Every structure is written in C-alpha cells, then in structure tokens.
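The structure appears right after this line, and notes come after that.
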Amino acid sequence: MILLLLLLASVAASAQISTPTMYRPQIFDVQHYDAAITFPDPTKKTIVGDVSITVKWTAGASKPSFPFHLRGLTIDSVFVNDVVSSAVTLGEASSDTMHHRVTLKNDVVAGQTDIVRVFYHGVMSDEGGSSPWGGVHYQDSVLYALGVGFKNSYVSSTQHWLACYDHPSDKATFFARFTVPVTPWKLASVGREVFTREPWPNGFAIYRWSEDHPTSTYLLTFAVAPYTKIEMSGVVPHVFYTLPRDSSKSARSFILVPRMTETFAKKYGNYPFDKVGYCNTQIGAMEHQTMISFNVSIAQKADSQNVTAAHELAHQWFGDCVSPLDFRYAWLTESFATYSECVWVEELRGFPIYLRAVAEKATAYLKNISKSEGVFALENFPRVDPSSNYPQTIYAKGAVVVAMMRAIAGDEPFFSAMKRYQSVKKYGTAVTEDMRDAVRPALGTRTDAFFDEWVTGIGWPQLHVNTDITGSDHVVTITQEQQKLHPTWPIFTTLPLNVVYTRNGFAGIDTIDAVMYFDSTGTLEFTCTQLLSVNIGTKCRSLVEITKTTSVFDFYEKNEASQTFTLAPNPANDSVTLSRIDGSAAIKISIVNERGATLLTQMCAQNESQCLMDIRSLTNGAYSIIIDDGKTPRRLPLTVTRGE
Ligand SMILES: [Zn+2]
C-alpha cells in the first residue's frame with residue numbers, strides 16, 4: 001500500500017500536462033468551474049476574477065499538484081479548500097503549455113474532490129500577432145472572447161480571461177456570476193441565463209449564466225455590449241444579441257436559424273443543449289457552446305440563407321457536444337461543420353444545389369487551398385505557415401471527404417452513423433477512431449481504406465480518362481496517375497466516381513448515371529456507346545482532378561500496318577515519309593490527334609511507293625497516321641518533336 005502510494009506520487013510529480021496536439025492522461029478530472037467575474041470598465045478590458053475549480057482525483061496520490069492556465073493576468077492568491085496556498089508558474093509565455101501549478105499539502109484518494117480557488121485581475125489580452133483571433137477584444141463597443149487562436153502555440157485561448165485547465169480533453173460544467181456596469185451594457189454567455197439583477201447598487205448589474213452540460217474550455221465565452229436581444233422560438237429557445245444599429249438586418253440574417261436547428265436535429269440527433277445563441281462581434285465566427293460569436297459583417301448582409309450561421313450551429317453537435325480529445329482531431333469538428341453548410345443548402349434548395357455546393361468546395365481546395373497551404377492530411381496536420389491551427393484544408397477538403405462518405409454509404413446509413421457518433425460520444429471527447437467506428441456499419445468493408453486514403457493519407461486522385469472509340473462499343477478506361485508525380489499519394493480505391501454514359505437498351509439508347517469504384521491498381525474500365533461525363537451527374541461530387549482525356553484507335557493497330565507500311569523519320573520534325581511495299585492502289589492518308597480529330601489529309605497516288613508529308617503545321621505531340629485504301633483502315637503512330 002505504501003509502495004503503491006509512493007509510486008503514484010512519483011508519477012504525479014513528473015506528470016506533464018497535455019499539449020494542444022498531444023493528449024496526456026492526468027490523475028484529475030475537472031468537474032466544474034464556479035466563476036465570479038467583474039468587468040469594471042468593458043472599454044478598458046479590465047477584469048477581476050475569482051474562480052473555484054472543482055477537481056476530482058481519478059487516482060490516489062501523495063500531495064499531488066493541479067495545473068491551471070491563466071495568461072497575461074496577475075494571480076492575487078490561490079486557495080485549496082479555503083486554505084491559503086500558492087502557485088508556481090511553469091514555462092515561458094511563448095510555450096504551448098505555459099501554466100501555473102498549485103501543490104496540495106495533503107494526500108488524495110481516488111474519487112476525492114478538492115476546490116482550487118484562484119483570485120486574479122488585470123487587463124485582458126489577445127493571442128497577438130498581425131491578425132489576432134483568440135483571446136479578448138474590445139472593438140465596435142463589444143468586449144468579447146474568442147476561444148481559439150489561429151496562430152498561437154497554445155490554441156485554446158480561454159486562459160486569457162478564465163483560470164482553467166485549458167485543454168479540450170477535460171470537459172466541465174460552468175457557472176458564472178458576471179458583474180458589469182449597468183449602463184449601457186448587457187452580458188451574453190453560455191448555457192442558461194438563470195438570473196439577472198439590474199441595477200445592483202453602485203451602478204452595476206449581475207448576470208448569472210449556467211452551462212449544465214460538460215464543456216471544453218475553448219467553447220466558453222462572454223460578450224458585453226450595448227446589445228438588444230432578439231428572441232425566436234423553435235425546438236429550443238433561440239436568442240440573438242445584436243447592436244441596435246444592426247437589429248433589423250440581424251433579424252433577417254437569423255430568421256431561418258430555428259429551421260436550421262430543426263434540420264440538423266433530424267440529421268444528427270436531438271439538439272444537445274438548452275438554447276441556441278448568437279452574439280454579433282467584430283471578428284468571428286466561433287462556435288462557443290450555445291453562444292456563437294458571429295461576425296457582424298455577415299449579420300449585416302441580411303442574407304437569410306446564412307451558411308456561416310449553419311456552419312457554427314452544426315458545431316453544436318460536431319465540436320461542442322462531441323469535442324476533439326486534442327487539436328490533432330480538429331477535422332472532426334471543422335470538416336463536419338463545413339459539410340453541414342451543404343446539408344443546409346440542400347434543405348433550402350434541393351439536392352442538385354447541394355451537389356453544386358460540394359463541387360465548389362472541391363474546386364476551392366484543388367485550385368487554391370492546396371496550392372497556398374500545401375498538401376497534407378486532415379488528421380494531425382502541420383501548424384506552421386502557410387498552415388495554421390485551423391488550415392482551410394480541414395474545412396474544404398474535409399467537407400468533400402464527408403460528402404464522399406455519404407455517397408458511399410447512402411443517405412440513411414450515413415445519417416444513422418452520424419446519430420450513432422453523437423449518441424455514443426455525447427458530451428464527451430472523440431478521436432478519429434471514434435468516427436471510424438461510428439461509420440463502419442455504413443461504409444462496410446471500405447471503412448479502413450477510406451480513412452487511410454482520405455483522412456490520414458494525402459493528395460487526391462489525378463485521372464487519365466481514355467476512350468477507345470473504334471469498336472461498336474466504346475471502351476472507357478480511367479486510370480489514377482497521381483503516383484507518377486506524387487509517389488507518396490495513395491491509390492484511392494474508395495473514390496466514389498459519378499460517371500454518366502449511354503448504352504443500347506431494349507427500347508433504344510439508355511443514359512446511365514452511376515457511381516463506380518477503382519480496383520486496387522487504380523483502374524476503372526467499362527463499355528458504353530458514348531461517355532458523357534465524369535464527376536458530373538446526379539449522384540455525387542468527389543475530390544478528383546481529371547488531368548488527361550484521350551481517345552485511342554485500337555482497332556487500326558490490330559491490322560498490323562507496320563508489315564506493309566513504314567514511317568520515317570519517327571519521331572519526325574518538319575516532314576515524314578510513308579513508304580509502302582504494295583503501291584498498286586491509291587490511298588488516302590490522314591493525320592489525327594489523340595482526341596481523334598483529323599488535322600491533315602493527303603492522297604498517295606497509284607504506283608507512288610513513297611509519300612512525303614509536310615507536317616510543319618503540327619505541334620509537338622503524339623499523333624496517328626490513318627491509311628485508308630478503301631478496304632481496311634490501318635494506323636501507324638507518329639511522334640512530332642521539334643526543338644525550340
Ligand atoms: Zn468551424
């Protein structure tokens with residue numbers, strides 16, 4: 001028993017806290033934050049804080065220590081169970097794990113809870129840099145906090161105003177008593193507004209907010225402004241905080257949000273919290289739990305389709321109800337929220353417009369984002385420039401990857417999988433494996449390959465579409481050629497490719513609109529009367545690039561033209577000569593390109609055994625010479641290479 005305790009003590013003493021991209025198990029589990037926060041003058045970003053943290057020990061230990069984050073503010077005093085204590089600061093401000101640590105004077109047993117209380121004050125700051133995001137801002141007469149940083153090393157940025165164990169892995173309930181000057185301020189925050197007393201003596205008002213569902217700290221927030229409140233009903237109460245000057249445009253921008261909530265509840269499972277809330281802020285949007293900080297310029301557009309509002313609302317399921325264990329798994333939040341923009345468009349405007357929305361994300365990724373950010377995986381992506389804590393890749397590519405999941409699974413199995421993920425991980429945290437488990441019944445035997453190719457793998461399929469148009473049926477061969485230029489990109493065996501083609505049916509020509517898959521060598525082959533389109537159709541849009549389209553006259557090759565005809569020189573430059581053994585008949589010679597278009601024709605007269613052709617009009621490339629004697633057409637390959 002003693003030995004065990006000593007062993008645990010040494011583990012506790014050397015325990016390192018989790019980093020933004022490396023969850024490390026701890027011997028504690030924060031249960032609750034009870035905060036009394038005063039903003040004496042919102043315009044000056046000043047704060048006086050008093051936070052009691054309920055810490056539950058999950059293992060016994062001798063005099064363990066508890067780490068908490070607080071950045072840019074002064075700690076006045078620390079208590080453990082009402083007994084004065086102290087905290088030491090570990091790490092430089094630039095460190096991704098800079099924190100404070102309070103050591104208990106007593107031993108603890110598993111299941112025991114202690115209250116760590118921190119008093120602090122100061123002027124709240126943001127993450128810094130050229131365009132700060134995470135942390136606290138005062139702009140446009142709104143004092144507000146954004147829970148994550150794009151460029152800082154520590155990501156979770158609630159530590160700019162709340163003393164807390166600021167890591168998404170440790171979710172806790174939250175209660176706050178905010179004190180602010182009565183005039184002209186109103187305060188919005190997370191959860192339920194349980195009580196408001198206004199005015200309090202001395203010209204201050206008190207707002208009490210309670211989030212009774214476990215919350216990752218990066219999803220906590222507040223906003224103080226001369227707000228007016230717009231309320232709407234729905235499956236839960238909806239509340240929108242807006243500056244009076246924006247209230248009519250905001251009312252229009254948010255008018256469809258209750259329908260969004262209903263739509264996502266049908267697709268992903270019941271709305272998991274007590275209310276839906278938005279507050280207009282200068283920068284954003286950010287999916288704080290039940291109080292979304294929403295970029296005022298979007299609210300001012302008065303666009304009721306409001307896909308950004310839909311994105312943030314979908315986060316209440318993906319990110320808030322089920323949070324990432326650490327930020328390597330940010331794709332579990334952003335890819336699904338971005339995909340949900342397409343789901344919302346589908347609800348409003350139908351499936352063809354949904355397909356267009358998915359295709360736009362694919363195009364944005366292939367044409368712009370992959371070029372500006374580089375090519376990397378959705379999970380555990382790089383964070384240095386030109387990437388960041390939230391690169392566009394996990395939004396745009398991620399959304400198309402989720403759309404392909406649905407295309408493979410089918411609608412009902414896909415949305416059942418989403419509901420399963422939500423119910424299994426409800427109010428908890430998740431890693432990629434949890435999503436893989438949830439969608440396994442929907443994706444079946446393709447599950448593991450799908451995640452290996454699209455989530456932890458890099459790149460995308462680059463297709464060569466070749467049509468052999470010589471027979472009565474065309475033979476279409478589509479090959480993945482990305483490994484020629486990118487050997488580390490996989491062959492995508494789980495690419496759902498929407499192909500449209502015609503074929504002869506009983507009553508004439510049928511048009512087939514189908515989803516097809518590649519074999520393990522990255523090849524897909526089928527016959528048709530005519531290929532109409534690739535990655536266009538009514539079924540799905542996928543992340544593919546068609547880099548080459550060709551037609552080949554295989555038929556001519558089979559006639560062994562080379563036995564009676566020779567071509568020289570080949571490769572040719574300005575001219576080429578066709579020689580023939582049998583010159584008894586006149587022949588017609590045509591030069592065609594890879595697509596089958598005829599570029600030059602010339603007659604070769606009877607008894608003329610050598611025909612010289614002027615090919616100066618041809619550009620460098622591969623061609624076919626078609627020899628037609630009126631009986632059997634034959635083909636010879638010709639290459640034109642001309643020095644610059
Ligand atoms: Zn998002």
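In listed order, ligands and their atoms are each counted from 1. No experiment lies behind these values; they were computed from the predicted model shown.
In Lys249, the NZ atom is not crowded: 12 or fewer heavy atoms of neighbouring residues, nucleotides or ligands sit closer than 6.0 Å. Few gaps surround CZ on Arg440; more than 12 heavy atoms of other groups in view lie less than 6.0 Å from it.
Across Trp331, Tyr218, Phe150, a single residue satisfies ring-ring contact (aromatic ring centres under 6.0 Å, His included) together with Tyr390, and that is Phe150.
In this structure, Arg71 forms no cation-pi arrangement with Tyr120, as its terminal cationic atom is not both closer than 6.0 Å to the ring centre and no more than 45° off the ring axis.
Pairs engaging residues 224-247 under the ring pair (Phe, Tyr, Trp, His ring centres under 6.0 Å) rule: Tyr227-Tyr241, Phe240-Phe254, Phe240-Tyr278 [sequence neighbours left out].
Taking the six-membered ring for Trp and thresholds of 30 and 60 degrees, His315 and His311 have ring planes more than 60 degrees apart, a perpendicular arrangement.
Any protein N/O/S atom under 2.8 Å from the Zn ion (ligand 1) was counted, giving 3 altogether.
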